[in-house]
2 protein chains.
Amino acid sequence: MASARQLSKSGGLKSAASRQKLKQQQPNDRGVATVPGSSGEGSSNYPYMKEEHVLTLGEHFYNRTMVLVQQAARSSKESSLWDIADGIYKDVEGYISKEAQVRAFALLMYNKGLEDAQNAETVAKLCSRLASLEAEGLKFRSPLLKQLQEDFISRATWKDNDPNRWLAFTCYLCCLFRHLKIGDNYINALVEPVFTCLDSLVTDADSSDEEMKCGCNQLKELGPTLEELKPAQMDILLNMMKEKLLGPKSSHFSRLLLLEIIELRASGWHLTDTQQQYYSEIFC
Amino acid sequence: MASARQLSKSGGLKSAASRQKLKQQQPNDRGVATVPGSSGEGSSNYPYMKEEHVLTLGEHFYNRTMVLVQQAARSSKESSLWDIADGIYKDVEGYISKEAQVRAFALLMYNKGLEDAQNAETVAKLCSRLASLEAEGLKFRSPLLKQLQEDFISRATWKDNDPNRWLAFTCYLCCLFRHLKIGDNYINALVEPVFTCLDSLVTDADSSDEEMKCGCNQLKELGPTLEELKPAQMDILLNMMKEKLLGPKSSHFSRLLLLEIIELRASGWHLTDTQQQYYSEIFC
């Protein structure tokens, strides 16, 4: 993990100053409390907050993250989202001391990831950094994963009634699977949901071009991992993608997306310059 | 090269007996002649023949080859076409002593390869074995290649007027390129014609399923070689195949053939068992 000085340099919140500022911003109707079980250094100096205040605080951290990410993108600095997330983690841990706070904060961050598919990956990375945040034995990742699994069950109704939410969910699920590891390991319970959603995005007869694009983009990132974890399932998915490519109903754009993934996978998930050039020119 | 005993065992013509039999079958209006420059052992014992007699002899060797190939296929013996071709070579060289005979024999064999696309590869292998047969400084391969190049120029008219001949020619051209080497080297002059014909077979808008199949079958065999010899040209060909696959006018069968080659090439010209299984099941 980067040191406090590094974090400060790289765009993370400057711990002492920003905590003080936040402390002034946040309502505090219970005064300063001792925080049992908090792993955050110096966390006992910070106020115990009601759930709605955790949400306000969470909004602040989310907005702050987005501003920092945009600044980093504009300035082309080398400060990465991981550095920013480290800074956010350091600041958050001082304010979280109760199980209810962890839960509220995790669900807020979870919902942020569903708001905008564009930000899904950024929020997933932030959640990944916050995953081990803990109070009273509850880790940030637990309510997050629970909600993810509940929403996975609801996905079928969204697909028909709220296609944007369905698309945002599958995108976010894939991003969380990619980034939310335990140690160096992917979370096994997510492999099946990820396959199911990707399958639906890229092989359903009525998939829109947007769904196809989202699914294929996720496959570009996740393909090697999914193949390593479940090679037989990847074979089945790829064969269904071939069927769709060969069928009469796909749009030209869909066929192009499918062909790129089929070629990518056949090439061992790494295209040559010439192969890449073909797709970048044709997609322009 | 296999020894005479091996050849006899493996289905090649038994030299002495068959020569004697042929001698009795062939018209011989010039009597026995000394054969200057013949490389065949004992060739001076055999008659000088007029061109038409060479053709009759050639027909005999061709028919004999086909019978032996069919016998070998039926009996599942390990005797290969190369062993049979060795036997034919041994027998033929005793009868060929003049430049005109070499030319007539080569053109006969060349035309045999165009008669039936099914036999194109067998004839190409036989021609490859006979390539260095020589009389009066003329090698068997010279008139063969000359005719191949002349026919390559005529191919455009065949394509419109005699599509079967065009198809047989492209198939035979590819088979000759594959087998008719000088030492270990492919004949460079044939690379461009091969690319041109394959391109036409698999990317022309009006290619029939039969043409597509012939072209893709040849690409399966020749792909690695052509890619090694002309990687940039192979990129162009593959990109055109992708265009055709993605376009609206290809039949399902054509798209399937194209996809198999695209996947094969992306996989380094070697499909995994699962990839192979997909295509063998879907083609059934």
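Proteins get letters first, then strands, A, B, ... in listed order; numbering begins at 1 in each. As the structure is a computational prediction, the values presented were derived from the model and not from experiment.
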Which bit of B:Leu271 is near chain A, if near means a heavy-atom gap under 4.5 Å: side chain, backbone, both or neither? neither
Should the heavy atoms of other residues, nucleotides or ligands under 6.0 Å from CD of A:Glu243 be counted, would the total exceed 12? yes
Which one wins on heavy-atom pair count under 4.5 Å against chain A: B:Leu256, B:Leu264, B:Leu258? B:Leu256
If you count heavy atoms of other groups shown closer than 6.0 angstrom to CD of B:Glu115, is the number above 12? yes
State the CD1-OG distance between A:Ile262 and B:Ser267, to the nearest 0.5 angstrom. 11.0 Å
Output for pair (B:Ile236 CD1, A:Tyr278 OH), nearest 0.5 Å, gives 13.0 Å
When you look at B:Leu245 and A:Arg255, which way does the side-chain contact (heavy atoms from CB on, under 4.5 Å) test go after all the steps? CA-CA 9 Å; B:Leu245 168 63; A:Arg255 286 203 294 274; over 6 Å; no
Cut-off 4.5 Å, heavy atoms of chain A, and the answer for B:Phe253 is neither
Counting only heavy atoms not in A:Glu210, do more than 12 sit closer than 6.0 Å to its CD atom? no
Go through it in stages, so that I can follow the logic: the residues are A:Leu238 and B:Gln275, the test is side-chain contact (heavy atoms from CB on, under 4.5 Å), and I'd like the CA-CA distance, side-chain angles, deciding distance and then a yes or no. CA-CA 10 Å; A:Leu238 260 288; B:Gln275 286 171 315; over 6 Å; no
OG1 on B:Thr274 to CE on A:Met234, rounded to 0.5 Å: 12.5 Å
Okay, B:Leu259 and chain A: the region with an atom under 4.5 Å from a heavy atom over there is side chain
Can you tell me if B:Asp273 has over 12 outside heavy atoms packed within less than 6.0 Å of its CG? no
